[in-house]
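Side-chain atoms are counted along with the backbone in the values below, which use heavy atoms only and exclude waters and symmetry mates.
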Amino acid sequence: MRRILFPIGEKELQATQGRLLNVAQVLARAGNAVDVLTHSDEVAAKAEAFSRDVGGISVHLVKARKLLIPYSFRDDLLKTFIKQTHHLFIPETDMRIYKLAAFDDFWGHIDAHAYHDIDITPYRLIVMPLLSEEDSPLPECSVFYSAICLLAREKAIPLVGLQIYPAVHTPPLFAKSMNYMVVKEEHERDYLRTWGVADERIFLVTDEKDAYCLSTIEDTYRNLMLNSGIETDRDELCITVINHPRFRAVVRNILSTIAPMNMKKLLFLVKRGYTVKELSEDDIINDMYAEVIKRIKGRAYVLEPEIMARIIMTSDVVISPSYITPLRFAASYRRCSIVYNPLYERTASRDGVVVIDEPTALEDALMSCYRRKTSLTSLCDIVATIFTRRRHPCD
């Protein structure tokens with residue numbers, strides 16, 4: 001089993017409202033042993049609570065030691081600074097940079113924390129959040145991350161940086177420190193290229209759920225993706241069909257079209273809470289749809305309408321026999337939203353919702369969604385690719 005080290009500081013966990021821990025969960029569920037390492041009691045407690053029901057994750061707390069730094073060490077650092085910057089001038093002047101340094105404040109910028117107990121030798125990969133120079137970490141945390149980066153370079157263990165803050169806030173030093181960098185937006189990749197970071201060192205995660213784990217912008221509905229209570233596979237198309245009190249034959253037609261399709265799928269039939277005379281909606285579903293649902297190749301569930309938003313955020317495709325508000329909601333979150341009804345005239349996309357009027361077109365739309373989903377790049381895909389590379393660009 002591959003062991004991955006996942007160091008986390010307080011600010012990075014707070015910036016993502018705790019979602020950063022889902023990265024450990026994603027990697028662990030892919031069969032990796034993930035060790036969350038932190039210097040913070042608060043982060044350790046949250047990680048312990050989060051990982052309690054998730055196999056493959058261990059949490060470790062490491063504490064800094066306070067060092068007594070002699071004045072001779074400070075003087076040696078000053079000499080090193082002058083030696084390394086002696087040749088540098090203020091642009092378009094003859095003033096050397098080191099002469100403008102406030103050496104009397106130099107002592108205050110030497111941190112006395114050190115981490116002697118960090119052992120990274122068991123790990124094949126280190127995945128860590130990239131820091132922000134706009135909201136820089138406290139000294140204890142800064143030394144924590146620096147120690148891990150230094151040890152990783154010494155042991156030739158690949159470092160993977162996760163871009164959680166805006167790319168413009170990331171210190172350019174990380175372009176040299178990281179073997180690989182993971183971004184969630186195309187413009188972030190373009191920005192890293194301006195630093196001279198080679199394309200083979202930049203990975204763009206396109207899986208929505210994984211990308212949201214790296215976002216500092218919280219979204220109430222996207223939170224439902226992380227806490228849906230329903231596990232879906234990467235190669236499984238999740239289809240929601242919304243029931244209708246009048247278009248019962250159309251709903252049956254939708255289910256009959258989905259049933260024989262040769263793909264791994266998860267079907268949700270969402271009820272609307274109606275009755276027809278003395279028949280309840282459950283009675284109608286049992287009479288009209290049960291036999292078709294049994295023929296579906298894959299998992300199938302009948303669900304109550306109260307959890308409509310949660311189901312839509314879990315789904316890849318949402319289908320209804322008529323245009324209803326949940327379709328517009330699904331389209332706003334880039335779910336494939338379809339009105340399927342042979343009685344309607346096929347039209348172009350409207351508010352992101354597509355109208356389809358015959359089974360073949362519905363099959364084509366579902367297959368297109370399936371191909372798109374299976375082509376997305378997840379964090380697990382990125383880690384698997386890195387593990388297959390024998391050489392690392394920064395080595």
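Between Tyr344 and Tyr323, the distance separating the two ring centers is not shorter than 6.0 angstrom. Taking the centre of each ring, Tyr98 and Phe81 stay at or above the 6.0 Å mark.
Linking Ile, Leu, Val, Met, Phe, Trp and Tyr residues whenever their side-chain heavy atoms come within less than 4.5 Å places Ile258 and Ile230 in a single cluster. By the rule that hydrophobic residues join a cluster once side-chain heavy atoms approach within less than 4.5 Å of another member, Met178 and Tyr191 end up as members of one cluster. Criterion: ILVMFWY side-chain heavy atoms under 4.5 Å apart, direct or through other members. Under it, Leu173 and Val168 are not part of a common hydrophobic cluster. Placement of Tyr340 and Met263 within a single hydrophobic cluster is found when ILVMFWY residues are connected by side-chain heavy-atom separations under 4.5 Å, directly or transitively.
Comment: Lys294 does not engage Glu291 in a salt bridge, judged by the lack of any side-chain N to carboxylate O separation of less than 4.0 angstrom. Using a cutoff of 4.0 Å between basic side-chain nitrogens and carboxylate oxygens, Arg29 and Glu231 are scored as salt-bridged. We find that Arg52 and Glu48 are not joined by a salt bridge, their nearest charged nitrogen and carboxylate oxygen being 4.0 Å or further apart.
Between Tyr115 and His39, the two ring planes are perpendicular [angle over 60°; tilted spans 30° to 60°]. Ring-plane geometry between Tyr333 and Tyr221 is classed as perpendicular, the angle between the planes exceeding 60 degrees on a 0 to 90 degree scale with a lower cut at 30. Ring planes of Phe247 and His244: tilted class, angle from 30 to 60°.
Here the closest non-hydrogen pair linking Thr38 and Phe144 is CA-CZ, 3.8 Å. Taking both residues in full, the closest heavy atoms of Pro137 and Leu131 are given as CG-CD1, 3.7 Å, listed atom of the first, atom of the second, then distance.
Remark: Cys213 SG to Met225 CE distance equals 7.5 Å, nearest 0.5 Å. Ile90 contributes atom CD1, which lies 8.0 Å from atom CE of Met95 (distance to the nearest 0.5 angstrom). The distance from the CD1 atom of Ile202 to the CG atom of Leu192 is 4.5 Å, given to the nearest 0.5 Å. Atom CG of Leu279 and atom CD1 of Ile284 lie 5.5 Å apart (nearest 0.5 Å). From Ile8, atom CD1 reaches atom NZ of Lys46 across 11.0 Å, with rounding to the nearest 0.5 Å. For the atom pair CG (Asp75) and CZ (Phe73), the distance works out to 11.0 Å, reported to the nearest 0.5 Å.
The neighbour count for Asn262 CG, taken as heavy atoms of other residues, nucleotides or ligands under 6.0 Å away, does not exceed 12. Other residues, nucleotides and ligands contribute only 12 or fewer heavy atoms inside 6.0 Å of the CD atom of Glu134.
Asp219 pairs by the salt bridge (charged side-chain N to carboxylate O under 4.0 Å, His left out) definition with Arg222, not counting sequence neighbours. Remark: Glu133 engages no residue in a salt bridge (charged side-chain N to carboxylate O under 4.0 Å, His left out) (not counting sequence neighbours). Residues satisfying the salt bridge (charged side-chain N to carboxylate O under 4.0 Å, His left out) criterion with Arg334, sequence neighbours excluded, are absent altogether.
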Kindly indicate, with the supporting measurements, whether the criterion salt bridge (Lys or Arg N to Asp or Glu O under 4.0 Å) is fulfilled by Asp41 and Lys63. CA-CA 9 Å; Asp41 293 313; Lys63 286 298 184 179; 3.1 Å; yes
Start with the C-alpha distance between Ser256 and Asn253, add both sets of side-chain angles, then the distance that settles side-chain hydrogen bond (donor to acceptor under 3.5 Å, both in side chains), and finish with yes or no. CA-CA 5 Å; Ser256 298; Asn253 189 218; 5.5 Å; no
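Between Leu226 and Lys209, the closest side-chain pair of non-hydrogen atoms falls below 4.5 Å. For the pair Arg234 and Ser378, the minimum side-chain heavy-atom distance is below 4.5 Å. Taking the side chain as every heavy atom from C-beta outward, Leu303 and Arg310 never approach each other to under 4.5 Å. Under the 4.5 Å side-chain criterion, counting only non-hydrogen atoms from C-beta, Phe203 is not in contact with Val160. Side chains of Thr385 and Tyr180 form no contact here, defined as non-hydrogen atoms less than 4.5 Å apart. Residues Val36 and Ile57 have side chains in contact (heavy-atom distance under 4.5 Å, counting atoms from C-beta outward). Counting only heavy atoms from C-beta outward, the side chains of Asn243 and Tyr274 approach each other to under 4.5 Å. Residues Pro158 and Phe387 have side chains not in contact (no heavy-atom distance under 4.5 Å, counting atoms from C-beta outward).
In the model, Asp316 has no side-chain atom that pairs as donor or acceptor with a side-chain atom of Tyr370 under 3.5 Å. If you check the side chains of Ser280 and Asp283, you find a donor sitting under 3.5 Å from an acceptor.
The only member of Leu150, Ile126, Asp119, Ile120 that meets side-chain contact (heavy atoms from CB on, under 4.5 Å) when paired with Lys155 is Ile120. Under the salt bridge (charged side-chain N to carboxylate O under 4.0 Å, His left out) rule, Glu208 has a single partner from Lys184, Arg372, Lys373, Arg335, which is Arg335.
For the pair Ser215 (side chain) and Ala211 (backbone), a donor-acceptor distance under 3.5 Å is absent.
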